[in-house]
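Naming: A, B, ... by sequence-line order, numbering from 1 per chain. Below, all heavy atoms of this structure are taken into account, side chains as well, without hydrogens, waters or symmetry copies. What you see is a predicted model; the values in this text were computed from it and never measured.
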2 protein chains.
Amino acid sequence: MPTQTFFNLPEEKKKRLVAGAMKEFSAKPLNEASISNIVKNSKISRGSFYQYFEDKKDLYFFLIGKFRYNYRNLMLKSFQEKDGDFHEGYKLFSEKYIKYIMESEKFGFFENMYLHMNYQINQEARVDFKETKSHKLPNGKRIVDVVSRDNLKMTSDTELIDVLRYILSMLNDTIMEGFWKELSVKETQDLFLKRLEWITYGIAIPAEKEEKE
Amino acid sequence: MPTQTFFNLPEEKKKRLVAGAMKEFSAKPLNEASISNIVKNSKISRGSFYQYFEDKKDLYFFLIGKFRYNYRNLMLKSFQEKDGDFHEGYKLFSEKYIKYIMESEKFGFFENMYLHMNYQINQEARVDFKETKSHKLPNGKRIVDVVSRDNLKMTSDTELIDVLRYILSMLNDTIMEGFWKELSVKETQDLFLKRLEWITYGIAIPAEKEEKE
DNA sequence: TAATATATGTGACAGCTTGTCATAATGCAA
DNA sequence: TTGCATTATGACAAGCTGTCACATATATTA
């Protein structure tokens with residue numbers, strides 16, 4: 001978490017710093033980016049940097065929080081638009097989500113983020129969000145409330161949340177793969193949809209009749 | 001790839017170096033590990049290090065290749081033991097694979113590897129393997145040849161390979177999660193099996209009859 | 001207004017890192 | 001022994017991080 005001092009800063013200075021940091025993190029992944037470059041880019045003194053942020057990661061997580069897509073709202077809207085249908089709703093969500101990330105003017109930043117994101121950083125960043133943002137949607141609805149269970153095997157909230165969460169991580173993995181293989185938006189969307197079909201309908205041929213041997 | 005000079009080294013020196021490196025990489029992830037520590041641990045001069053390896057990553061990938069489980073053989077054996085049954089075969093494979101990694105005496109090394117592995121490193125390492133090892137199994141059989149398609153929707157080799165590959169990455173993701181949440185071997189196995197069921201049988205309730213609207 | 005307290009800005013610095021390079025030591029063939 | 005290729009070495013430049021004593025600005029009070 002940046003310090004209060006940082007948030008108190010005049011807008012102009014804050015912007016300069018964010019821009020200088022985005023420049024560095026768009027060119028290099030977290031490990032290779034240097035504070036030295038960021039303070040040079042932003043024309044602030046090294047000492048000041050450490051008055052705003054604990055370290056490089058602190059700033060990085062702040063930027064991720066600032067620019068990451070607010071997927072919850074999009075997910076909610078998508079499921080509502082498809083009358084709670086799991087497969088159609090997730091499909092709609094994923095198409096927009098992938099498009100947003102891969103066509104963003106912050107492409108370099110996201111690319112480095114995805115290619116160098118690992119489980120630990122992912123989780124550390126999440127903890128960060130928990131502290132700063134409420135997990136409730138603006139209208140108070142939870143995502144599990146807008147997904148119809150009529151044609152799903154999952155009955156309990158917990159089970160459904162497990163599935164939704166897992167599929168979100170699958171989506172992010174697919175985006176990673178897209179960046180790595182330099183796939184187009186369309187190709188990445190299709191790759192995800194294929195996997196979504198696997199998990200929705202299964203890869204096994206369902207037994208048509210009860211058959212005893 | 002380590003240089004020929006490294007491979008020519010007397011066994012004792014090679015072992016010292018590998019041990020010194022494992023000590024460092026078990027205590028710290030790749031980014032935090034330092035060559036300075038490794039050469040101190042191994043009692044070799046800094047100059048020599050650079051005569052054996054291009055950089056830190058070069059050594060790291062060598063170690064991964066050296067100690068990583070040879071999953072292909074285990075996978076083949078598992079499918080064969082279950083008469084090619086996809087679900088049962090993968091289940092057997094995953095249980096042994098998870099157990100091997102999480103109960104290894106190289107726990108620290110694997111833990112750091114999984115928690116800090118990202119897509120880019122993963123792929124870079126893979127390219128490394130391609131150069132050094134053949135992708136064929138010892139007896140010449142390919143994995144797709146020992147998986148029965150009788151009860152799978154996949155017909156072509158390509159499709160089946162896609163599925164098998166995806167599930168392997170799901171397995172590795174689950175192991176990551178296991179390390180992060182400090183799950184037991186059993187809990188990690190169960191988490192994976194739950195996901196394997198999702199993908200095998202689908203999460204949607206299959207339509208019983210053909211219904212036109 | 002002046003005096004004091006609080007908040008913010010600064011760059012030199014110690015201590016660490018990496019990769020290189022001139023030089024020294026060793027092995028081996030003639 | 002001599003000569004050549006291979007291997008070993010640590011000092012070094014150049015870079016990085018995080019800190020700290022000090023300078024400056026802003027707010028508060030007498």
Side-chain angles (χ1 to χ4, degrees), chain A residues 1-64 112 116 120-121 124 128, chain B residues 1-63 112 116 120-121 124-125 128:
Chain A
M1 278 281 283
T3 60
Q4 193 52 48
T5 309
F6 171 73
F7 291 111
N8 293 342
L9 245 40
E11 281 307 313
E12 190 275 327
K13 195 165 187 178
K14 253 189 285 188
K15 274 192 184 157
R16 228 168 56 215
L17 216 160
V18 167
M22 285 302 282
K23 187 179 171 191
E24 178 71 356
F25 288 128
S26 298
K28 294 174 196 165
L30 179 58
N31 306 320
E32 288 168 33
S34 84
I35 294 173
S36 295
N37 276 334
I38 293 171
V39 301
K40 253 180 252 165
N41 287 346
S42 321
K43 294 192 174 69
I44 63 161
S45 75
R46 184 168 192 81
S48 288
F49 180 92
Y50 284 97
Q51 219 138 16
Y52 309 148
F53 306 100
E54 206 177 306
D55 54 17
K56 203 170 46 170
K57 269 191 190 174
D58 194 21
L59 166 57
Y60 192 66
F61 291 154
F62 168 72
L63 292 175
I64 289 181
N112 277 324
H116 296 266
Q120 185 142 345
I121 289 187
E124 280 175 27
D128 220 52
Chain B
M1 279 281 283
T3 60
Q4 194 51 49
T5 309
F6 171 74
F7 291 112
N8 293 343
L9 245 40
E11 280 308 312
E12 189 275 326
K13 196 166 188 177
K14 254 189 284 187
K15 274 193 184 158
R16 226 167 57 214
L17 188 41
V18 167
M22 285 301 283
K23 187 180 171 191
E24 178 72 356
F25 288 127
S26 298
K28 294 175 194 165
L30 178 57
N31 306 321
E32 288 167 33
S34 84
I35 294 172
S36 295
N37 276 334
I38 293 171
V39 300
K40 252 179 253 164
N41 288 345
S42 320
K43 293 192 173 69
I44 63 160
S45 74
R46 184 168 192 80
S48 288
F49 180 92
Y50 284 97
Q51 219 138 16
Y52 310 147
F53 305 100
E54 207 178 305
D55 53 18
K56 201 170 49 172
K57 270 190 191 174
D58 194 21
L59 166 57
Y60 193 66
F61 291 154
F62 168 71
L63 292 175
N112 277 324
H116 295 266
Q120 187 141 341
I121 289 187
E124 279 174 28
D128 220 53

Sugar-phosphate only, base, or nothing, as touched by F53(A) at under 4.0 Å among non-hydrogen atoms: nothing

Separation of dT17(D) C1' from Y60(A) OH (nearest whole Å): 19 Å

Rounded interatomic separation in angstrom, taking NZ from K57(B) and P from dG19(C): 11 Å

Under 4.0 angstrom between Y50(B) side-chain N/O and dC21(C) OP1 or OP2: no

More than 12 heavy atoms from other groups under 6.0 Å of NZ on K23(A): no

Plane angle bin for F6(A) and F62(A) - parallel if under 30°, tilted between 30 and 60°, otherwise perpendicular: perpendicular

S45(B) side-chain N/O to dA8(D) phosphate OP1/OP2 under 4.0 Å: no

Position toward the 5' end of DNA chain D (nearest nucleotide), N37(A) or G47(A): N37(A)

Phosphate contact (dT10(C) OP1 or OP2) by R46(A) side-chain N/O below 4.0 Å: no

Side-chain N or O of N8(B) closer than 4.0 Å to phosphate OP1/OP2 of dT6(D): no

Pairwise side-chain contact, I44(A) with L17(A), heavy-atom cut-off 4.5 Å (strictly under): yes

Distance, rounded to the nearest Å, where Q51(B) contributes CD and dG27(C) contributes C1': 15 Å

Rounded distance in Å - CG (L9(A)) to C1' (dT10(C)): 14 Å

Spacing between R16(A) atom CZ and dG9(C) atom P, to the nearest angstrom: 10 Å

Sugar-phosphate only, base, or nothing, as touched by S48(A) at under 4.0 Å among non-hydrogen atoms: base

Whole-Å gap separating P (dT17(D)) and NZ (K56(A)): 6 Å

Partner of V18(A) by side chain to side chain contact (heavy atoms under 4.5 Å, CB included), out of M22(A), K15(A), R16(A): M22(A)

Short side-chain N/O contact from S36(A) to OP1 or OP2 of dG15(D), under 4.0 Å: no

Other residues, nucleotides, ligands: >12 heavy atoms within 6.0 Å of E54(A) CD: no

d(CZ, F49(B); P, dT20(C)) in whole Å: 12 Å

Whole-Å distance separating the CG atom of D55(B) from the C1' atom of dG15(D): 17 Å

Phosphate contact (dT8(C) OP1 or OP2) by K13(A) side-chain N/O below 4.0 Å: no

